[in-house]
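The structure under discussion appears below in the form of structure tokens.
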Amino acid sequence: MKIGVLSRDAKLYSTSRLVEAIKAAGHEAQVIDVTRCYMNITSHNPGIYFKGEKLEGFDAVIPRIGASITFYGTSVVRQFEMMGVYSVNESVAISRSRDKLRSLQLLARKGIGLPVTGFARRPDDVEGLISMVGGAPLVIKLLEGTQGIGVVLAETENAAKSVIEAFLGLKTNILVQEFIKEAGGADIRCFVIGDKVVAAMKRQGAEGDFRSNLHRGGSAELIKLTPEERSTAVRAAGIMGLNVSGVDLLRSNHGPVVMEVNSSPGLSGIEAATDKDVAGMIVSFIEKNAKPFKTKTRGRG
Ligand code: ADP
Ligand code: MG
């Protein structure tokens, strides 16, 4: 097979591990920086040009689209889909998962456990919003934040009120969320491929930080999931329509709650914590599932 890894940097751990795993399985790999791609979107014979050369002969692509290039990146994935190339995560599913509000609404509709979360537009509604999620302390999140940037813990009602008002004043969309204190600054990353959690780790935030993101100095260790956590993660990934994802859970007093579902989960932390060949498992999934024009939406959504 010829498999493209859609990534801006071949030297990143996740990218280089995927390339290594593709080659180890006897396939051909090419790293494609989507920001260097251009395409004729109206052609009857859709194509993509990368640094001036037409991309041809691909059986599958693995999108690793950074949050800052979601719009352009998903448009390139959609073009691959229109060319009949199998994408391990569909463009529609990637766009869906990037929007925390849209994701939570979809997960809520299917009864997935979630922290109580509110959304509002008008500063007049701030008090109602705060009491709706159970008062302070509470968490305020930018809709498209990532790696822990844009997540704020407001410890008192006054702090919550002024931070929320400031964001709304800037016309920034935010979610206001119940703070799951009992999680103790830790969360659980479940790496889901297809309908299985193939690896899981517990991430503990740096001393004094309620955010457990490894990018914010958190540390990771192996963890054993409960059957409920496992099924919650698999269901959440399925609802988002992602074949490869990182589902983040918090252990709350009312069972596992999903915080978010990531469409380009990092491999470095999870492979180090679990000593598993997660990249190889992604390639095996592609071997079993890649077929021309298999994308359900075929880029129509
Ligand atoms: P990002 O997309 O920036 O990673 P998250 O929603 O995953 O944003 O939040 C980052 C981290 O903050 C989480 O991994 C978790 O440790 C902590 N966190 C987020 N929301 C809550 C919450 N409602 N209660 C407790 N901790 C939270
Ligand atoms: Mg996160």
Side-chain angles (χ1 to χ4, degrees), residues 14 65-70 94-108 112-119 129-130 132-156 159-160 163-164 167 172-192 200-221 223 229 232-233 236-237 240 242 245-270 273:
S14 301
I65 309 293
S68 61
I69 55 157
T70 301
I94 298 169
S95 310
R96 203 184 268 144
S97 71
R98 280 291 150 80
D99 179 337
K100 288 183 201 281
L101 171 68
R102 185 173 174 192
S103 305
L104 292 180
Q105 286 179 315
L106 292 170
L107 296 171
I112 296 285
L114 301 167
V116 179
T117 307
F119 186 56
L129 186 66
I130 292 175
M132 195 180 72
V133 302
L138 54 77
V139 175
I140 300 159
K141 293 187 190 186
L142 300 183
L143 238 42
E144 297 203 0
T146 184
Q147 302 184 347
I149 299 166
V151 180
V152 181
L153 173 63
E155 314 234 19
T156 65
V163 176
I164 296 169
F167 278 127
T172 305
N173 283 315
I174 49 161
L175 293 176
V176 176
Q177 196 163 72
E178 164 196 12
F179 177 49
I180 310 293
K181 188 162 187 274
E182 60 272 24
D187 77 348
I188 297 171
R189 160 59 58 91
C190 304
F191 205 106
V192 183
M201 62 178 169
K202 179 178 173 184
R203 299 178 300 191
Q204 181 71 53
E207 185 69 38
D209 199 333
F210 79 104
R211 300 166 303 174
S212 57
N213 301 68
L214 300 182
H215 286 98
R216 304 265 69 74
S219 57
E221 63 179 74
I223 193 178
E229 287 162 351
T232 301
M240 301 311 295
L242 293 167
S245 67
V247 180
D248 295 343
L249 304 175
L250 292 175
R251 283 186 167 162
S252 84
N253 290 337
H254 44 101
V257 292
V258 172
M259 254 180 324
E260 62 170 347
V261 184
N262 293 279
S263 58
S264 294
L267 295 179
S268 147
I270 195 87

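Atoms within a ligand are numbered from 1 in the order they appear, just like the ligands themselves.
Nearest non-hydrogen protein atom to atom 17 (C) of ligand 1 is Phe210 O, 3.6 Å. The single protein non-hydrogen atom nearest to atom 24 (N) of ligand 1 is Ile180 N, 2.9 Å, given as residue, atom name and distance. Protein heavy atom closest to atom 19 (C) of ligand 1, with residue, atom name and distance, is Met259 SD, 3.3 Å. Ranking the protein heavy atoms by distance from atom 8 (O) of ligand 1 puts Lys100 NZ, 3.2 Å first. Nearest protein neighbour of atom 3 (O) of ligand 1, counting heavy atoms only, is Gly148 N, 2.6 Å. Scanning all protein heavy atoms for the shortest distance to atom 20 (N) of ligand 1 gives Lys141 NZ, 3.0 Å. Atom 4 (O) of ligand 1 has its closest protein heavy atom at Asn213 ND2, 2.8 Å. Looking only at protein heavy atoms, the nearest one to atom 9 (O) of ligand 1 is Val151 CG2, 3.7 Å.
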>> One pair to check against side chain to side chain contact (heavy atoms under 4.5 Å, CB included): Arg203 and Asp248. What are the steps and the verdict?
In response: CA-CA 10 Å; Arg203 299 178 300 191; Asp248 295 343; 3.1 Å; yes
>> I'd like to know whether Asp99 forms a side chain to side chain contact (heavy atoms under 4.5 Å, CB included) with Leu143, so could you lay out the CA-CA distance, the side-chain angles of the two residues, the decisive distance to 0.1 Å, and finally the verdict.
In response: CA-CA 6 Å; Asp99 179 337; Leu143 238 42; 4.0 Å; yes
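The shortest side-chain heavy-atom distance between Val261 and Ser103 does not fall under the 4.5 Å cut-off. Contact check for Pro265 versus Arg189: side-chain heavy atoms found under the 4.5 Å cut-off. With contacts defined as side-chain heavy-atom distances shorter than 4.5 Å, the pair Leu104/Gln177 qualifies.
The backbone N or O of Gly148 lies less than 3.5 Å from a partner atom in the side chain of Arg211, making a donor-acceptor pair. With hydrogens and angles disregarded, no donor-acceptor distance shorter than 3.5 Å links the side chain of Ser268 to the backbone of Ser14.
For the residue pair Gln204 and Ser219, no side-chain donor N or O sits within less than 3.5 Å of a side-chain acceptor on the partner.
Atoms of ligand 1 lying under 4.0 Å from any heavy atom of Glu260, numbered from 1 in the order shown and given with element: 1 (P), 2 (O), 4 (O), 5 (P), 7 (O), 8 (O). In summary, the atoms of ligand 1 found under 4.0 Å from a heavy atom of Phe179, numbered by their order in the structure, are 24 (N), 25 (C).
In the displayed structure, Glu207 atom CD is contacted under 6.0 Å by at most 12 heavy atoms of other residues, nucleotides or ligands. For NZ of Lys202, the number of neighbouring non-hydrogen atoms (other residues, nucleotides, ligands) closer than 6.0 Å is 12 at most.
The Mg ion (ligand 2) has an N, O or S atom of Glu260 closer than 2.8 Å.
With a 4.0 Å heavy-atom cut-off, ligand 1 is reached by the backbone of Glu178 but not by any atom from C-beta on. Residue-level proximity to ligand 1 for Gln147 is carried by the backbone, the only part with a heavy atom below 4.0 angstrom. With a 4.0 Å cut-off on non-hydrogen atoms, Asn262 does not touch ligand 1 at all.
Checking only distances, Asp248 never comes within under 3.5 Å of ligand 1, N or O to N or O. Any N or O atom pair closer than 3.5 Å counts here, and Asp187 shares at least one such pair with ligand 1.
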